[in-house]
Protein chains: 4
Amino acid sequence: MVIGDARTRILDAAEELFAGGGYEATPTAVIAKLARVPKGLVFHYFPRKIDVLVALVDERTLVEETREVDALPGDPAGTLSKLARRLPLRASPSMRRILFREADTHRSVKERLGRLNGELIRRARFALELALPGQRGETARLEVAAATFAAVLLYQENLCQLTGHQIDPDAVAELIAHSLI
Amino acid sequence: MVIGDARTRILDAAEELFAGGGYEATPTAVIAKLARVPKGLVFHYFPRKIDVLVALVDERTLVEETREVDALPGDPAGTLSKLARRLPLRASPSMRRILFREADTHRSVKERLGRLNGELIRRARFALELALPGQRGETARLEVAAATFAAVLLYQENLCQLTGHQIDPDAVAELIAHSLI
Amino acid sequence: MVIGDARTRILDAAEELFAGGGYEATPTAVIAKLARVPKGLVFHYFPRKIDVLVALVDERTLVEETREVDALPGDPAGTLSKLARRLPLRASPSMRRILFREADTHRSVKERLGRLNGELIRRARFALELALPGQRGETARLEVAAATFAAVLLYQENLCQLTGHQIDPDAVAELIAHSLI
Amino acid sequence: MVIGDARTRILDAAEELFAGGGYEATPTAVIAKLARVPKGLVFHYFPRKIDVLVALVDERTLVEETREVDALPGDPAGTLSKLARRLPLRASPSMRRILFREADTHRSVKERLGRLNGELIRRARFALELALPGQRGETARLEVAAATFAAVLLYQENLCQLTGHQIDPDAVAELIAHSLI
DNA sequence: CATGAATGAGACTTCATTCAT
DNA sequence: CATGAATGAAGTCTCATTCAT
């Protein structure tokens, strides 16, 4: 067996189970079973159950923080749409679900989520600044527009599954763009 | 001691504890202790633990569903602001927290949250229709505007606490209003 | 079943097992089995395993602290012998064994043992003072004699079992008495 | 790294840990960590955990058994004091602690402790015989005196730490000497 | 109705020991 | 020899739920 294989299988199993039933509802024994490792090995890699969650978030969600934003000058709607299509979050659908659902479970999850939100807002604002170069001085409006767009994107990722209401980011992008002209 | 008094105290205790530590992390014994009732009495009123949560949501969160909306004709921003200031959710801060946090715990919680979202969207759209009587036919844009505003309000209620980013509903109302003119 | 019966049986079982194999080597499950109660009931009465030991020491060892000492004037040896025959420790042989063996396990056990030793010394000295009324001023010698006798008695209770060497308290009493004349 | 170096470090670590928290409470993994050796190596040198304790006692406590005793003729008190000042136990303070604390853990520890006690008594008696050459025939009294002194010395080594009562061996030596004249 | 002792399944965690490399 | 991943039995503790009184 390749080194790290067991550890990876444990994280795979945990990702699947945490996304499905939630952290609290997932016994470590079930993680071990799904990962086809003995119960004790879970402890060997992750001394406490919470360490599995922390490792997942640490290793399997990456908030891409960058200064470079792809803006289409003169096209704020297109710029936001583009941003929406590629969230600065490298994570599987399962990990996205975990990130939102378990925000209360551990500080590290909440912090990661906060970073994502912050990055989203920063990008949206920066993109809008580039797309609308003439609007210097209207900082406040850009700020609100960026925050609104970020809120919609996170809503899309999280609450929307709970409430059952879809929302089209492109349409919101257009709405916001329209409000800034 | 009046009958029902105990029941009320149990719900009070559960509300506080569920909001603080979450449903799963709150043992019934702790609820009983905080409510100053014997452990057995909790199960007398609520045969299963989940029934406490269901009762809380049933009895302590009221989504006000109505057709009557207070609109200010010609002032869509003011109309949305007004809506934001009085969410159609009669619930304590604790219950609001529970509603969002425990949406995964039981179908009834998720359903209540969905109703809140639906009502929010319906109200926002209806209010916008009244505030902008000339825009018949632009249904799609109004729909998006309403959904966006609802998303921001729910974000405000929920994720904002997790991510630490505030957002001003009034400014968003103005943004959206501006986009509709 | 009489109230307290189960709790008593748990303590009975623990006393027997702790005396036999030691605290660490005795699983709570075995205590429960010997007490003929379900495992969970042990926790019901004693939230932590250590609480069983603490309760045993608290409730089943009594260090009799008193000012009144039975002295035979003019007969220091007889006085000490008498003291040796009735240690100021109301406890079963099992509890005596536990008291000495588990002194490191919990502060409360060590403290109780310290109280026993202190009482022993105090009594021995007081008894000697009464038995030898003429020796005012020889406080230091009485003190040493009392401590020595206490040491021998505790040795008798504890180390003697470990080392396999018996020691006759009466002979030591006579030795000490002889040294004081 | 020299072979045996690791073994020594393991024993060093175990000595420190057993003295501090006790044998049962010290996991082999912690020993390995403190010794800066891999876990498996502990079991390479000591197939069972108990073998570490046995090796410690075997190799690091030496009960000096000898016939030659340094007696001061005519000065029994001085003779006993001298004995007290150099117990026939070559062992670090940690090992002394282990010897007394773990006497129940393994036969070999108890046996070593018994040997120490026996040697103590033998020496004390022999020393007294030499110091008081005139008292042939008074064997019984010498025996009691020797046992008493041994008891005090062991008490000093062990229980005294637990009970918090100091005792001065020199004073006891004088007391005993006085009783033999 | 009210009470808290009783129940037991199962959770997390510990850890001595093995063994393939 | 050296290594640390692997193993699994067993330990402590949790807690929803029942039920006799």
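First the proteins, then the strands, lettered A, B, ... as listed; each starts at 1.
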Is D:Tyr45 close enough to F:dC1 that one of its side-chain N or O atoms is under 4.0 Å from OP1 or OP2 there? no

Partners meeting salt bridge (Lys or Arg N to Asp or Glu O under 4.0 Å) with B:Asp12 (sequence neighbours left out): B:Arg60

Partner of C:Ser108 by side-chain hydrogen bond (donor to acceptor under 3.5 Å, both in side chains), out of C:Arg112, C:Glu111, C:His106: C:His106

Non-neighbouring partners of A:Phe43 that pass side-chain contact (heavy atoms from CB on, under 4.5 Å), sequence neighbours left out: A:Pro47

Nearest-Å distance for atom pair CG/C1', residues A:Leu53 and E:dC12: 16 Å

Rounded to the nearest angstrom, tell me the gap between atom NE2 in B:His44 and atom C1' in F:dT21. 15 Å

What is the distance, rounded to the nearest whole Å, between atom CZ of B:Arg9 and atom C1' of E:dA2? 13 Å

Looking only at atom types and distance, does a side-chain atom of C:Arg101 sit under 3.5 Å from a main-chain N or O of C:Ala19, one as donor and one as acceptor? yes

Trace of the side chain to side chain donor-acceptor pair (under 3.5 Å) decision for A:Glu16 with A:Ser94: CA-CA 7 Å; A:Glu16 182 179 334; A:Ser94 299; over 6 Å; no

List for me each residue that meets salt bridge (Lys or Arg N to Asp or Glu O under 4.0 Å) alongside B:Arg48, sequence neighbours excluded, and say none if there are none. none

Between the protein and nucleotides 9-13 of chain F, list the N/O to N/O atom pairs that are separated by less than 3.5 angstrom.
residue: F:dA10; atom: N6; partner: A:Lys39; partner atom: NZ; Å: 3.2
residue: F:dT12; atom: OP1; partner: C:Lys49; partner atom: NZ; Å: 3.0
residue: F:dT12; atom: OP2; partner: C:Thr28; partner atom: N; Å: 2.8
residue: F:dT12; atom: OP2; partner: C:Thr28; partner atom: OG1; Å: 3.0
residue: F:dC13; atom: OP2; partner: C:Lys49; partner atom: N; Å: 2.8

Closest nucleotide among E:dA2, F:dT7, E:dA6 to the B:Leu41 side chain: E:dA2

Starting at atom CD1 of A:Ile10, determine the distance to atom C1' of F:dA5, rounded to an integer number of angstrom. 11 Å

Interatomic distance where CD1 belongs to A:Ile31 and C1' belongs to E:dG10 [whole Å]: 15 Å

Could you list all the side chain to side chain donor-acceptor pair (under 3.5 Å) pairs where at least one residue sits in residues 21-44 of chain A, not counting sequence neighbours? none

Rounded to the Å, how far apart are D:Arg7 CZ and F:dC1 C1'? 15 Å

Can you confirm whether D:Arg97 sits close enough to C:Asp104 that some side-chain heavy atom of one is under 4.5 Å from a side-chain heavy atom of the other? yes

In dot-bracket form, how is DNA chain F paired, counting a Watson-Crick or G-U wobble pair only if both its distances are under 3.5 Å and using | for bases paired to another strand? .||||||||||||||||||||

When rounded to whole Å, the CG to C1' distance for the pair B:Asp51 and F:dA16 reads 12 Å

Provide the closest heavy-atom pair for C:Leu89 versus C:Arg96 in the form atom of the first, atom of the second, distance. O-NH2, 3.0 Å

